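A short write-up of the structure that comes next.
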Amino acid sequence: MATVRKNQRDLSKTEQQAFVAAVNALHGTSVAPPAYRAFVQVHADAMSMSGMGWHVHTMGRGMPGTNFLTWHRHFLLEFEHRLQQVDPAVSLPYWDWIADPSIPAFLDKPSLLTSWSVTRSWDPSWLATSAELDLVMANKTYSRFQRKLETGPHNDMHNAVGGTMDSSSSPADPLFWLHHANIDRLWVSWQQTHASKPKGSTVLQPPPLFGVKVSSQLDIAVLGYRYA
């Protein structure tokens, strides 16, 4: 049965608590690998000089994030599978920041932020507007859609949350997973009406979390999940 990723506003109190509990269970030095810190580190590495060749993020002119969407799709799936080792009922929720332009309350408790060593400087004026997102979704080629989504609404959300989310260690803030699930959901929506896709022979880096071909990340039905 496919994993169902729900809108965070539709989670029950029990589902909210289960997600937080599973996240917390991956913290600590005694946790079996991959622990939470491993996911944070690989993302930080992807934004370092040593990770430039992975092409995960657009780091300036001449350094496009050609693997941005596929790399993050696999990244989310690996993290979701790790959460499900803790609690098989848990899935990644998504945060539709257009419809709900406020930080989800269940992930905004000061005690949680302290326990996660997460900082924020929330400024919703950074958020993309519905009209701006519509312009991104109207792009007809995959490469242009990906670039505009990454450098526009995606980056805007990281800037809006600020603090930890506005750093290479952004996955340390659990909001990262909800944000990127929404980015992935937008790509799924775009895929439904556009045939353009990335070159499939590229192998995403680095192992052991990665090491799969881009072509293996294009169909979420095959990957075993869907969005509600």
Side-chain angles (χ1 to χ4, degrees), residues 1-27 34-36 38-40 43 68-109 112 116 128 130 133 136-137 142 145-146 149-150 153-154 157-158 161 165 170-171 173-194 197-198 204 209-210 212-228:
M1 181 180 295
T3 294
V4 179
R5 295 181 179 174
K6 298 181 179 179
N7 190 322
Q8 59 82 26
R9 68 180 178 185
D10 295 328
L11 297 180
S12 67
K13 180 72 72 174
T14 298
E15 289 171 325
Q16 292 174 354
Q17 293 171 342
F19 177 76
V20 171
V23 165
N24 287 341
L26 298 186
H27 284 81
Y36 199 104
F39 290 92
V40 177
H43 189 272
F68 173 72
L69 288 174
T70 52
W71 192 93
H72 282 88
R73 176 170 284 179
H74 185 72
F75 191 43
L76 264 64
L77 193 59
E78 286 292 310
F79 184 71
E80 187 170 56
H81 287 166
R82 186 65 184 89
L83 291 176
Q84 289 170 344
Q85 290 176 15
V86 175
D87 184 345
V90 168
S91 60
L92 289 179
Y94 66 89
W95 174 20
D96 181 353
W97 19 259
I98 295 291
D100 298 294
S102 297
I103 293 176
F106 80 101
L107 293 180
D108 202 31
K109 299 175 182 178
L112 284 179
W116 294 328
S130 180
L133 181 58
V136 170
M137 299 298 285
Y142 174 82
F145 165 72
Q146 176 177 238
L149 183 61
E150 179 199 359
H154 160 264
M157 171 50 69
H158 280 279
V161 177
M165 274 283 278
S170 52
D173 187 336
L175 281 179
F176 174 94
W177 307 106
L178 280 69
H179 170 40
H180 271 273
N182 191 51
I183 292 295
D184 186 63
R185 182 184 68 91
L186 291 171
W187 179 25
V188 171
S189 178
W190 188 88
Q191 285 182 294
Q192 291 171 354
T193 55
H194 297 83
K197 58 187 178 182
L204 300 174
L209 281 178
F210 293 86
V212 298
K213 287 187 177 181
V214 163
S215 58
S216 71
Q217 302 302 300
L218 304 183
D219 187 342
I220 68 168
V222 172
L223 293 173
Y225 70 94
R226 64 181 178 86
Y227 289 97

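Quantities reported herein were computed from a predicted structural model and do not represent experimental measurements.
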Fill in: R73/V188 under side chain to side chain contact (heavy atoms under 4.5 Å, CB included): CA gap, chis, key distance, verdict
CA-CA 10 Å; R73 176 170 284 179; V188 171; 3.4 Å; yes
Discussion item. What's the separation between atom CG in L76 and atom NE2 in H81, rounded to the nearest 0.5 Å?
Written reply: 11.0 Å
Worksheet item: Within the distance-only criterion (no hydrogens, no angle test), does the side chain of Q84 pair as donor or acceptor with the backbone N or O of V90 below 3.5 angstrom?
Response: yes
Worksheet item: Taking atom CZ of R185 and atom CG of N7, what is their separation to the nearest 0.5 Å?
Response: 7.0 Å
Worksheet item: Given H154, which of F68, F145, W187, W97 fulfils the ring pair (Phe, Tyr, Trp, His ring centres under 6.0 Å) condition?
Response: F68
Practice prompt. Compare all side-chain heavy atoms of P93 with those of F19 and state whether any distance is below 4.5 angstrom.
Written response: yes
Fill in: By side-chain contact (heavy atoms from CB on, under 4.5 Å) - contacts of K197 (at least two apart)
L218
Worksheet entry | Side-chain heavy atoms of L83 within contact of L92, under 4.5 Å | yes
Discussion item. The test is side chain to side chain contact (heavy atoms under 4.5 Å, CB included); show your working for V136 and W190 and say whether it passes.
Written reply: CA-CA 10 Å; V136 170; W190 188 88; over 6 Å; no
Discussion item. If you compare all heavy atoms of I220 against all heavy atoms of R226, which two are closest, and at what distance to 0.1 Å?
Written reply: CD1-CA, 4.0 Å
Item to complete: Might you point out which heavy atoms bring P153 and L133 nearest each other, and give the distance in Å?
Response: CG-CD1, 4.1 Å
Fill in: Sub-4.5 Å side-chain heavy-atom contact between R5 and D184
yes
Worksheet entry | Pair I103-W95, side chain to side chain contact (heavy atoms under 4.5 Å, CB included): steps then yes or no | CA-CA 9 Å; I103 293 176; W95 174 20; 4.0 Å; yes
Worksheet item: Do you know which two heavy atoms are closest between A228 and K6, and how far apart they sit?
Response: CB-CA, 4.2 Å
Item to complete: Using the six-membered ring wherever Trp is involved, compare the ring planes of W71 and F210 and label them parallel, tilted or perpendicular (cut-offs 30° and 60°).
Response: parallel
Worksheet item: Considering all heavy atoms of both residues, which atom of E80 and which atom of T3 are nearest to each other, and what is their separation?
Response: OE2-CG2, 3.6 Å
Discussion item. Angle between ring planes, H43 versus F176, binned at 30° and 60°: parallel, tilted or perpendicular?
Written reply: perpendicular
Worksheet item: Should W177 and F39 count as side-chain neighbours, where that means a heavy-atom distance under 4.5 Å?
Response: yes
Discussion item. For a 4.5 angstrom cut-off between non-hydrogen side-chain atoms, does Q8 reach D100?
Written reply: yes
Response to the item:
Residues P174 and V23: closest non-hydrogen pair is CG-CG1, 4.1 Å
Discussion item. Does L209 form a side chain to side chain contact (heavy atoms under 4.5 Å, CB included) with F79? I'd like the steps, not just the answer.
Written reply: CA-CA 9 Å; L209 281 178; F79 184 71; over 6 Å; no
Item to complete: Taking the side chain as every heavy atom from C-beta outward, state whether T70 and S216 have any pair of such atoms under 4.5 Å apart.
Response: no
Practice prompt. Would you please name every residue forming a ring pair (Phe, Tyr, Trp, His ring centres under 6.0 Å) with Y94, sequence neighbours left out?
Written response: Y227
Discussion item. As an exercise, state the distance from CE of M165 to CE of M157, rounded to the nearest 0.5 Å.
Written reply: 7.0 Å
Worksheet entry | Note: R9-D96 ion pair, threshold 4.0 Å (strictly below) | no
Worksheet item: What closest approach, in Å, do A18 and D87 show between heavy atoms, and which atom pair accounts for it?
Response: CB-OD2, 3.8 Å
Item to complete: Measure from the ring center of F75 to the ring center of H180 and say whether it is less than 6.0 Å.
Response: no
Discussion item. Please report the interatomic distance CG(L186) to CG(L69), rounded to the nearest 0.5 Å.
Written reply: 9.5 Å
Worksheet item: Do the side chains of Q217 and V214 get nearer than 4.5 Å, heavy atoms only?
Response: no
Item to complete: State, with a plain yes or no, whether a side-chain heavy atom of N24 is found less than 4.5 Å away from one of Y36.
Response: no
Worksheet item: Going from OG on S189 to CG on N182, what distance comes out if it is rounded to the nearest 0.5 angstrom?
Response: 10.5 Å
